[in-house]
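Input: a single structure, listed below in structure tokens.
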Amino acid sequence: MKIYPNKKKKNKVLLELKKILIHSNLTDRGNFIEVKNFRYGYIYDKLPKIENIEGVRKIEVQNKELLPKSYSTNCYFKRPINTNRKFIIAGPCVIDDFNIFYRTALKLKEIGVDAIRTPLFKPRSLPYGYEGMGVRGIEKLKGYKNEINLPFVGEVLDPRDVEKVLDVFEVIQIGARNMKNYPLLKEVAETKKTVLLKRQPKSTLKEFLFSLEYLLKYGAKKVILCERGDDISNLKPSININIIKDIKKEIRVPIIADISHSAKSRKMVMRFFRKSIKYADGIMVEVSVRPELSPIDTKQIIDIDEFLKIKRSVEKYNEEI
Ligand code: PEP
Ligand code: MN
């Protein structure tokens, strides 16, 4: 960490810093004071006091000093999903009809996917929309586990529901709206389950990493990040490829692209797939045998034929690795 003081106040700043950072080494480097030997992460708690010292002009904290877990953890894993090659999470937007879900899941299994979307809890922007089967769907969904025999990926909205889904979802999704729901992040992390964390629209790389840090700090060992674009309504297609590139450059945590919620219409899904697959570790995509019957996101869900094209292309990438 570097602290830039006003020239005339440097000695006073040094004195004040010594009171706050009792165990750290402070070195005068001319126009800045170098701080070493402090507890990474916890330095965040000292920053307001340091900022408040009269004569402090600027503080520079490196990401790895602020986010020690995110920058030191290698999160690539083999189970429940092999994240060492490009992987696919596919399935319905929401399970509203178990028959359609079952037929879709069997088709996807036959074609070959790494995990199935099994959403029972849906966050809705308006309180009038279908919110999924919720807790009522858990037992029924469990009945399909043996036959489908693929990891189930499902979002949880309420920390009180986390425990209830532990033996039905192999991967717990934290949706875009909840990226900053800290009680939920903690609760899910403590289960030690694999977590899929989606980026909240318009949030920065740093904010995304802050939420990742929560998960890792509270016990998660396996995390998949997911970029899903900057718009939550059904209006504007967008995906932030730079976030994917930056994550790949900065840390060792898999990141996938949600090519459905970013594309927003099925005719755009392929385009968004092509844009992102080169950089991302995998994709999430909404697929159904009867897309037109889905009560949510009907116009963006692709059918099996369209999905086949995506699958073939992902396979090609994996052959090249
Ligand atoms: C979803 O993936 O089911 C979903 C609701 O997406 P998001 O949280 O990205 O809006
Ligand atoms: Mn959806």
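Computation of the quantities below employed the complete heavy-atom set of this structure, encompassing side-chain atoms and omitting hydrogens, waters and symmetry-equivalent molecules. Every number for a ligand or one of its atoms is a count from 1 in the order of the listing.
Looking only at protein heavy atoms, the nearest one to atom 6 (O) of ligand 1 is Lys198 NZ, 3.0 Å. Protein heavy atom closest to atom 9 (O) of ligand 1, with residue, atom name and distance, is Arg228 NE, 2.6 Å.
Taking the centre of each ring, Phe152 and Tyr144 stay at or above the 6.0 Å mark.
Listed by number with element, the atoms of ligand 1 under 4.0 Å from a non-hydrogen atom of Gly175 are 8 (O). Every atom of ligand 1 is numbered from 1 in the order shown, and the set under 4.0 Å from a heavy atom of Glu155 is 5 (C). For ligand 1 and Lys122, the ligand atoms under 4.0 Å from any heavy atom of the residue are 1 (C), 3 (O), 5 (C). Atoms of ligand 1 found under 4.0 Å from any heavy atom of Arg177 (numbered from 1 in listed order, with element): 10 (O).
The distance cut-off of 2.8 Å around the Mn ion (ligand 2) captures these protein N, O or S atoms, sorted by chain and number: Cys93 SG, His261 NE2, Glu286 OE2, Asp297 OD2.
In this structure, Arg199 pairs ionically with Glu227, as a charged nitrogen and a carboxylate oxygen lie closer than 4.0 Å. One finds a salt bridge joining Asp167 and Lys142 here, because a Lys/Arg side-chain nitrogen approaches an Asp/Glu carboxylate oxygen to under 4.0 Å. Using a 4.0 Å cut-off between charged nitrogen and carboxylate oxygen, Lys12 and Glu16 do not count as a salt-bridge pair.
Cation-pi check for Lys275 over Phe272 is met; the charged atom lies under 6.0 angstrom from the ring centroid and within 45 degrees of its normal.
Considering His261, Glu286, Gln200 only, the shortest heavy-atom separation from atom 4 (C) of ligand 1 involves His261. The residue among Arg199, Gln173, Arg124 with a heavy atom at the shortest distance from atom 1 (C) of ligand 1 is Gln173.
The shortest N or O to N or O distance between Ala176 and ligand 1 is below 3.5 Å.
Using a distance-only test at 3.5 Å, with no hydrogens or angles considered, a donor-acceptor pair links the side chain of Arg117 to the main chain of Cys93. Side-chain atoms of Thr191 come within 3.5 Å of backbone atoms of Val188 as a donor-acceptor pair (strictly under, hydrogens ignored). Between the side chain of Lys222 and the backbone N or O of Lys192 there is no donor-acceptor pair closer than 3.5 Å.
Counting non-hydrogen atoms of other residues, nucleotides and ligands closer than 6.0 Å to CG of Asn25 gives a total above 12.
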Test side-chain contact (heavy atoms from CB on, under 4.5 Å) on Ile33 and Thr27 and set out the steps.
CA-CA 6 Å; Ile33 298 159; Thr27 317; over 6 Å; no
